[in-house]
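Okay, structure first, notes after.
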Amino acid sequence: MSNSAFNPATTASWTRLKTLAGNAPRIEDVIKKGTQFNQHPIKVEGLSLDFSRHGMDVDILNSLLELAEQSPLYTLREGLFSGAAINITEYRAVRHPQLRNSPATLESDRLAIKNLSERIRNGSLRGHTDKVFTDVVNIGIGGSDLGPKMVCSALREFCIDTIRVHFIANVDGAEIRHLLDGLDSETTLFIIASKTFTTQETMLNAHTAASWLGKTLKLSKPWASNHMIGVTSDRERARTQGINDANIITFSEDIGGRYSLWSGIGLSIAISIGFERFSELLEGGAVMDHHFRTAPLSANMPVIMALLGIWYGNFLDVQSQAIVPYCERLNLLPSFLQQLDMESNGKATNRAGQPIDYRTGPIIWGQTGTNGQHAFFQLLHQGQHLIPVDFIAIRKDRTSSPEAHNLLLLNMIAQAAALALGEQSEDAHKNYPGNRPSSILLLEELNPRNLGMLIALYEHKVFASGAIWNINSFDQWGVELGKKLTQQLLSPDRSLLDKATLRLLDIVQGNG
Ligand code: F6P
């Protein structure tokens, strides 16, 4: 069987796992035994994974590892790091790890990020009226928004206090209008962040920004002013739009949108925390790359996380995965991971183009604890769905008070224990069944390096899962049809529209 037609569901390990799933140990028994393989966290520098609260024994883990070994994981991992065209439907390599590993990148694209971010931070790049920039607005959507926005929010402790960074993604005119109302155009800089430089939402918001600049600063060519920066892999389009060549930062087409925060798309991060700290973020990513590439599968953090997901999704009928950071600065992590995981692995076709019938990517959702405890944890503890949780916590937080931080962490420990062990009661309403799995990712502290490791960890978890399922995690054809239909709706030609769509259009436009 060729590698691209690999079907994990036909392997002996898959069949064995099906049998093992019928008799999986309870988490409390695994914990009681205490000698299990998973009693010690896997550690990579300042990040550790505690996966002791899972109902698994050595047989299950070994079968999962065997499955991983038989899958295209090794070949694809090699292809990822060597620049092979593993994105087979777009005929492209997948180069985001090179952004954090290859010194050659530093000399070109990364140098441009360094120069521009430093000029904005030190005030040598100024606006039309020679004033320094105090506000930077990143206009972008999906990967051109979620990553930088999440990182800027997570690392706000390190942000420069003279420049505020804002993010506009949705094509909701009220949002951008509301933001612009509070800004001074003389001191506002826009970053138009779009890999393709064609995304409708981004281009419409960018035009709104440009006309605001034109009107308030009396500029006939606002796009060509220093107030407009373009970040894209299509320099020509940005140039045609009117952006000054010196104000365009490019990155390779081989960087997927959801993996692009390490590229020029991270300009807002570099402006906010400085290029040195931006480099530390990249170094953290590189540390995780090295671990993923070299650690044996049984002690490989992203691979273990992928195998846990496969165990639950493919053998215990689990459909979703909750992400619950116990740190308010990580509140955007769940939505960042939603795009990373669901856009990568929400597929039902294998790499050979054949339909597949085993389950692939899970539904990713979540929010910070303790807030989530007072919202959806009821269902996690007593509901009918089995939902594994990734708890994420920061061990030392000098920005919080010792009392609050301690209470935050104790809450997380209590939740993990309550989910795993439950509590029996004769009153069915007050019975906690337990045996509900969770992992704990602990960062020594929330700094750029550790955050870089955490992001790359999830990237590689998604990669390893996709490799074992034998899907292409790097395209996103599923989002194209909706874009095409929006274009048809914008066109005066209605002949391509079906009756239900026409009726809805009439109602929405008030003609119905
Ligand atoms: O529509 C999905 C998508 O293509 C994402 O993959 C991407 O991150 C986002 O749109 C934005 O694309 P661009 O950076 O080209 O504007």
Side-chain angles (χ1 to χ4, degrees), residues 112-141 144-146 148-194 197 199 201-232 238 241-249 264-275 277-278 329 332:
I113 305 172
K114 179 176 190 295
N115 289 342
L116 202 49
S117 62
E118 284 175 356
R119 287 175 61 218
I120 294 162
R121 281 168 68 93
N122 66 25
S124 58
L125 185 83
R126 291 171 182 231
H128 179 66
T129 54
D130 206 34
K131 289 195 178 168
V132 297
F133 292 116
T134 57
D135 291 89
V136 170
V137 183
N138 186 87
I139 298 183
I141 199 162
S144 301
D145 166 68
L146 293 165
K149 187 165 62 182
M150 182 272 289
V151 172
C152 286
S153 162
L155 298 179
R156 67 161 192 240
E157 182 194 343
F158 304 95
C159 288
I160 188 168
D161 13 303
T162 51
I163 301 176
R164 287 174 296 269
V165 180
H166 316 266
F167 291 86
I168 286 289
N170 208 346
V171 63
D172 175 340
E175 265 321 279
I176 188 160
R177 190 181 293 179
H178 177 69
L179 176 66
L180 297 182
D181 280 350
L183 296 179
D184 176 354
S185 55
E186 289 186 88
T187 56
T188 300
L189 173 77
F190 294 95
I191 301 173
I192 314 306
S194 176
F197 232 72
T199 304
E201 296 94 321
T202 298
M203 295 327 290
L204 181 55
N205 281 327
H207 280 287
T208 305
S211 37
W212 179 72
L213 286 173
K215 206 162 130 197
T216 53
L217 295 176
K218 308 210 176 351
L219 297 174
S220 58
K221 289 186 176 169
W223 283 93
S225 72
N226 268 351
H227 295 258
M228 283 292 212
I229 306 279
V231 182
T232 179
Q241 189 56 66
I243 299 189
N244 224 320
D245 219 26
N247 286 353
I248 301 173
I249 290 191
I265 292 292
L267 179 66
S268 52
I269 305 173
I271 295 170
S272 185
I273 64 173
F275 184 76
R277 293 223 160 90
F278 178 68
R329 278 161 289 154
L332 298 176

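- Counting all heavy atoms, side chain and backbone alike, I249 lies closest to G264 at CG2-CA, 3.8 Å.
- Partners of R277 under the salt bridge (Lys or Arg N to Asp or Glu O under 4.0 Å) rule, at least two apart in sequence or in another chain, do not exist in this structure.
- Between the side chain of N244 and the main chain of A224, a donor-acceptor pair closer than 3.5 Å is present.
- Side chain to side chain, N138 and D145 fail the donor-acceptor criterion of an N or O pair below 3.5 Å.
- Within the structure, no pair that satisfies the side chain to side chain donor-acceptor pair (under 3.5 Å) test touches residues 201-215, not counting sequence neighbours.
- Note that the OG1 atom of T199 and the CG atom of L204 stand 12.0 Å from one another [nearest 0.5 Å].
- The shortest heavy-atom contact between A238 and T232 is CB-CG2, 4.0 Å.
- When all heavy atoms of A206 and I192 are compared, the pair lying nearest together is CB-CD1, 3.6 Å.
- Closest of all the heavy-atom pairs between M228 and W223 is CB-O, 3.5 Å.
- Nearest heavy-atom pair across C159 and S272 is SG-OG, 2.9 Å.
- Checking side-chain atoms of H227 against main-chain N and O of S185 turns up a donor-acceptor pair under 3.5 Å.
- Between S225 and L219, the shortest heavy-atom contact is CB-CD1, 3.9 Å.
- Counting only heavy atoms from C-beta outward, the side chains of I168 and E175 approach each other to under 4.5 Å.
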